[in-house]
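One is the number of the first residue; the rest follow in order along the sequence.
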Amino acid sequence: MSNVAKLAQWEWFKLQRRWMPWILLGILLLFSQLVVWGRFFSYNNLQDHLQDSGIVVPLFGTGDPGPQGRLQVISIASCNVLETDPSAILPVGTPSKVVADLLTRCQQLQAQLQRQYEGFTLPGSLPSAFEIARAIGLILFAILTASAIGSDYGLGTLRPILTRGVGRLPYLAGKFHMLIGAAAGALIVVGIATAVSSLIATGITETPAGGAAAATTWADAGIAIGKTWISLIPYIALTATVTIWMRSAAAGMGIGLGYYFAEGLLTALLSTLFDWFRTIDDYLLIRNIDAFADGSLSFGSGSINSAIGVGQAAIILALYTVALAGIAIRLFRQRDVTGASGG
């Protein structure tokens, strides 16, 4: 284990001197920030609209509809008045059912504001940021994994490394440990950046009258980062296996990225043509990653209607990880190491 840890540290030392991991991390941060600032601007736009122009709601069945026959706006201010003294803004003789409908509409608007506010404030912003990080991270870590493993084949540095006494199994274990650790580190950075952005956004906006929805706890945020990290590991194993099999970083990237998109497209098509394929689909990799992480942002995954439990998904992902890692180790130990492949 000590040898593997040193090899993982050395692999990280080599990787961090390249531009690729930092560019990929920047892309991951950029997409995860969309959760905070997208919902921040959406919340402020809705709040400004309610305060300035409001939402026009027609009034029917009133005894005296007034000169225009409608309630001009439903705004935050008018909702507050409706809750305390409806007669202050409604025509005389307005039926109680109309008042009740308007109050229901006010409650819906307030709940919408609260949900949007929770979406960019802590801790509610963290699970959504990690969901985006998972969907984009599968693509980015496929690129990183293929590059980290395939570069030694392409540059021809694998043979000198192994001839120096580094065992094949420790070498491969060091690569896997480095990649899994890099995934954890990237998610921690995403969490810190999301927290900072959420604090900034909270400080420059007004809290809704009823406060945040408070549907997300810090425990939920912790579970989200754990699930996101675990869900990346099987895909790292898949890309690593393909890269070792093809002895090429380019092939590893191409097949790793191709599978990500192909699974969603093919399963959507085949599940429509053949009902029996829905059962097979429940055991595919991306489908179970989505189910385990409680998300549906992967390409094409939303087209499947069958449900997979988190426990079932965890078992399937564990089997995928063990099987793919076993195949990778077997291929790496049994095949001869040639010179530089260039790809």
Side-chain angles (χ1 to χ4, degrees), residues 1-25 28 137-138 140-191 225-253 255-256 285 314 317-343:
M1 290 300 296
S2 176
N3 189 27
V4 170
K6 290 180 180 179
L7 287 171
Q9 185 177 5
W10 170 245
E11 291 295 335
W12 171 243
F13 175 78
K14 293 192 300 181
L15 188 65
Q16 68 179 346
R17 298 173 68 87
R18 301 170 58 189
W19 280 104
M20 176 178 285
W22 304 112
I23 293 173
L24 297 179
L25 179 60
L28 189 65
L138 290 174
L140 301 182
F141 273 95
I143 296 173
L144 184 65
T145 300
S147 176
I149 295 177
S151 60
D152 286 340
Y153 284 102
L155 297 174
T157 55
L158 181 57
R159 180 188 288 272
I161 291 174
L162 295 179
T163 56
R164 291 176 182 176
V166 177
R168 295 197 179 201
L169 184 58
Y171 167 84
L172 196 58
K175 290 279 190 182
F176 274 112
H177 278 76
M178 182 274 294
L179 291 165
I180 293 172
L187 293 178
I188 291 173
V189 173
V190 167
I225 188 174
K227 283 185 173 183
T228 302
W229 178 59
I230 292 173
S231 66
L232 293 174
I233 296 175
Y235 212 73
I236 290 174
L238 171 66
T239 308
T241 302
V242 172
T243 304
I244 293 170
W245 175 40
M246 302 297 293
R247 300 179 182 179
S248 168
M253 289 182 196
I255 297 176
L285 182 57
L317 292 182
L319 293 175
Y320 265 111
T321 303
V322 172
L324 289 168
I327 294 172
I329 293 171
R330 184 176 180 84
L331 287 173
F332 192 67
R333 296 183 69 176
Q334 292 186 347
R335 299 173 70 181
D336 292 334
V337 177
T338 58
S341 64

On a heavy-atom basis, the closest approach of Ala148 and Lys175 is O-NZ, 2.6 Å
Does Lys6 have more than 12 heavy atoms from other residues, nucleotides or ligands lying within 6.0 Å of its NZ?
no
Check whether any side-chain heavy atom of Arg18 sits under 4.5 Å from a side-chain heavy atom of Ser151, and report yes or no.
yes
Side chain Thr239, main chain Gly256, donor-acceptor under 3.5 Å:
no
Could you pull out the closest heavy-atom pair between Met246 and Ile255, with the gap in Å?
CG-CD1, 4.2 Å
Closest non-hydrogen atoms of Arg164 and Pro160, given as atom of the first, atom of the second and distance, are CG-O, 3.2 Å
Check whether any side-chain heavy atom of Leu324 lies under 4.5 Å from a side-chain heavy atom of Pro234, and answer yes or no.
no
Val242 to Ala251 - nearest heavy-atom pair and separation
CG1-O, 4.2 Å
Atom CZ of residue position Arg335 - does it have more than 12 heavy atoms of other residues, nucleotides or ligands inside 6.0 Å?
yes
Quick check against the 3.5 Å criterion: does Thr145 have a side-chain atom that pairs as donor or acceptor with the backbone of Ala142?
no
Single hit among Val4, Ile161, Asn3 for side-chain contact (heavy atoms from CB on, under 4.5 Å) with Tyr171
Ile161
Shortest non-hydrogen contact from Phe141 toward Ala183
CZ-CA, 3.2 Å
Could you grab the distance from atom OG1 of Thr163 to atom CG of Leu158, nearest 0.5 Å is fine?
9.5 Å
Would you compute the distance between atom CG of Asp152 and atom CD of Glu11 and round it to the nearest 0.5 angstrom?
6.5 Å
Can you tell me how far apart OG1 (Thr321) and CG (Leu238) are? Round to the nearest 0.5 Å.
10.0 Å
dist Trp10:CH2 -> Leu7:CG (nearest 0.5 Å) comes out at 10.5 Å
Rounding to 0.5 Å, atoms CD1 (Ile233) and OG1 (Thr228) come to a distance of 11.5 Å
Short question: side chain of Arg168, backbone of Phe332 - any donor-acceptor pair under 3.5 Å?
yes
With no hydrogens and no angle check, is any side-chain donor or acceptor of Trp229 less than 3.5 Å from a backbone partner on Ile180?
yes
Rounded to the nearest 0.5 Å, how far apart are CG of Leu144 and CE of Met253?
8.5 Å
Testing the basics here: between Gly137 and Leu232, what is the closest heavy-atom pair and its distance to 0.1 Å?
C-CD2, 3.9 Å
Are Ile244 and Tyr153 packed together at the side-chain level, in the sense that at least one heavy-atom pair is separated by less than 4.5 angstrom?
yes
